[in-house]
Amino acid sequence: MPTASSSSAPHSASQRPTAPHTARPAPGTMCTGHIGPIFRERGETVARPKKPLISRTRVIETALMLIDRDGLAKLSLTRLAAELGVHNSSVYYHYRYKADILADVLRLVLGSFVVDADADINWKNYLLEYAPKYLEKLNAHPQVVSLLVAQTPKTLGLEFENQTAAILLKAGFPPEYVIVIREHLEVLTVGALQFSNNSLFEDVPDSLPELRSVVDAARSMSTEDRFRLALKSYVDGLEIQLTAWTDGTSEFST
């Protein structure tokens, strides 16, 4: 999950990673990582203008809008510049690499998620309140989920992660299991988002009536309802496990 102190503003130029030298991508293609210039137009690398005509924030906000509307795979310098009403070089002034654009898009989405939890909040209330809000924020931009999954190890939202760890440790969870719990919560969130617009089963044949009946029944549940059910079940199980850890009866020794 992201942090309350995460900024939605893109990084400055001095904070952007420096890419190693490698072969240039083919004309009209986009780089998928920190390798070479992000875009080339008809065999020529796009040069930066002397003065920016648009801000970095406007570039990222427009990139997010295009990703939401057209899909992550269709993001290109030409589409982005056309939407902004500028030449490709104006985008290139701020960003040389696609990975930097995508990183700032993810930062923009996560930066708008604010957590204002009291340090003394009950751990169950904390998870049950903020995990669904995190899901809601990501579900508003489903194309960005793949960027979140690709961010391993995590580099955004570390202050929030520290807050989560502190709350779980204070509740009495063994340190070696706190990260495991956090990983489980991420799996629940990503899994819910993965199936928010795609059912696990479709077109179940009549020869499988039981499966077909439960698939049809599940369509009445929203993504949020499904997630809350899974989250509540998981948290209730954690509460039982915490009691076992506390009284020394857990099968998972600490």
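Ser222 and Asp225 share a side-chain donor-acceptor pair at under 3.5 Å.
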side-chain contact (heavy atoms from CB on, under 4.5 Å) between Asp104 and Arg56, intermediate numbers included: CA-CA 9 Å; Asp104 277 351; Arg56 289 173 62 87; 3.4 Å; yes
Residues Ile167, Asn122; criterion side-chain contact (heavy atoms from CB on, under 4.5 Å); working and verdict: CA-CA 8 Å; Ile167 290 172; Asn122 174 271; over 6 Å; no
Ser213 and Asp216: CA distance, side-chain angles, deciding distance, side-chain hydrogen bond (donor to acceptor under 3.5 Å, both in side chains) verdict: CA-CA 5 Å; Ser213 67; Asp216 291 341; over 6 Å; no
Residue pair Lys74, Leu66: steps toward the side-chain contact (heavy atoms from CB on, under 4.5 Å) verdict: CA-CA 8 Å; Lys74 292 185 177 180; Leu66 288 175; over 6 Å; no
Worked check of side-chain contact (heavy atoms from CB on, under 4.5 Å) between Leu193 and Leu148: CA-CA 11 Å; Leu193 293 167; Leu148 179 67; 5.7 Å; no
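The closest side-chain heavy-atom distance from Leu242 to Trp123 is below 4.5 Å. Side-chain contact between Leu75 and Leu102 is present, with heavy atoms from C-beta onward closer than 4.5 Å. Annotation: side chain of Val145 is not in contact with side chain of Gln194 (no heavy-atom distance under 4.5 Å). Between Asp120 and Lys170 the shortest side-chain heavy-atom distance falls below 4.5 Å. Between Ile181 and Tyr234 there is a side-chain heavy-atom pair separated by less than 4.5 Å. Put simply, the side chain of Gln241 reaches to within 4.5 Å of the side chain of Ser250, judged on heavy atoms. Annotation: side chain of Tyr93 is not in contact with side chain of Ile54 (no heavy-atom distance under 4.5 Å). Between Phe227 and Asn139, every side-chain heavy-atom pair lies at or beyond the 4.5 Å cut-off.
Within the cation-pi definition used here (under 6.0 Å to the ring centroid, within 45° of the axis), Lys137 does not qualify as a partner of Tyr134. Annotation: cation-pi pair Arg226/Phe195 absent, no NZ/CZ under 6.0 Å from the ring centroid and within 45° of its normal.
Contact detail for Phe173 and Leu169: the closest heavy-atom pair is O-CD2, 3.8 Å. The shortest heavy-atom contact between Val178 and Ala165 is CG1-CA, 4.0 Å. Listed here is the closest heavy atom pair of His141 and Asp68: ND1-OD2, 2.7 Å. Pairing each heavy atom of Gln163 with each of Tyr126, the nearest pair is OE1-OH, 4.0 Å. Across all non-hydrogen atoms, the minimal contact from Ala192 to Thr223 is O-CG2, 3.7 Å. The heavy-atom pair separating Ile101 from Ala63 by the smallest distance is CG2-CB, 4.1 Å.
For an aromatic pair to be called close, the ring centres must be under 6.0 Å apart, and Trp245 with Phe252 fails this.
By the criterion of side-chain heavy atoms lying less than 4.5 angstrom apart, applied directly or through intervening Ile, Leu, Val, Met, Phe, Trp or Tyr residues, Ile240 is not grouped with Val235; the two fall into different hydrophobic clusters. Connection of Val187 to Val144 is not established within any shared hydrophobic cluster, with ILVMFWY side chains joined at heavy-atom distances below 4.5 Å, either directly or through further cluster members. Connection of Leu138 to Val149 is established within a shared hydrophobic cluster, with ILVMFWY side chains joined at heavy-atom distances below 4.5 Å, either directly or through further cluster members. Note: the hydrophobic cluster containing Met65 also contains Leu72 (ILVMFWY, side chain heavy atoms under 4.5 Å, direct or indirect links).
The line from CD of Glu224 to NZ of Lys133 is 14.0 Å long, rounded to the nearest 0.5 Å. Taken from CZ in Arg58 to CG in Leu84, the straight-line distance is 5.0 Å, to the nearest 0.5 Å. Atom CG of residue Leu231 and atom CG of residue Leu185 lie 6.5 Å apart, to the nearest 0.5 angstrom. Between Asp118 atom CG and Ile121 atom CD1 the span is 7.5 Å, to the nearest 0.5 Å. Residue Ser76 holds its OG atom at 8.0 Å from CG of Asn88, rounded to the nearest 0.5 Å. Rounding to the nearest 0.5 Å gives a distance of 10.5 Å between NE2 of His94 and OG of Ser89.
More than 12 heavy atoms of other residues, nucleotides or ligands shown are found within 6.0 angstrom of CD on Glu129. Atom CG of Leu208 has more than 12 heavy atoms from other residues, nucleotides or ligands within 6.0 Å. The local environment of CG in Asp203 is sparse, with at most 12 non-hydrogen atoms from other residues, nucleotides or ligands closer than 6.0 Å.
Using a cut-off of 4.0 Å between Lys/Arg side-chain N and Asp/Glu carboxylate O, Arg96 and Asp100 are scored as not salt-bridged. Classification of Arg182 and Glu186 as a salt-bridged pair holds, one side-chain N sitting under 4.0 Å from a carboxylate O.
For the side-chain contact (heavy atoms from CB on, under 4.5 Å) with Glu83, the qualifying choice from Val91, Thr78, Thr62 is Thr62, the only one to do so.
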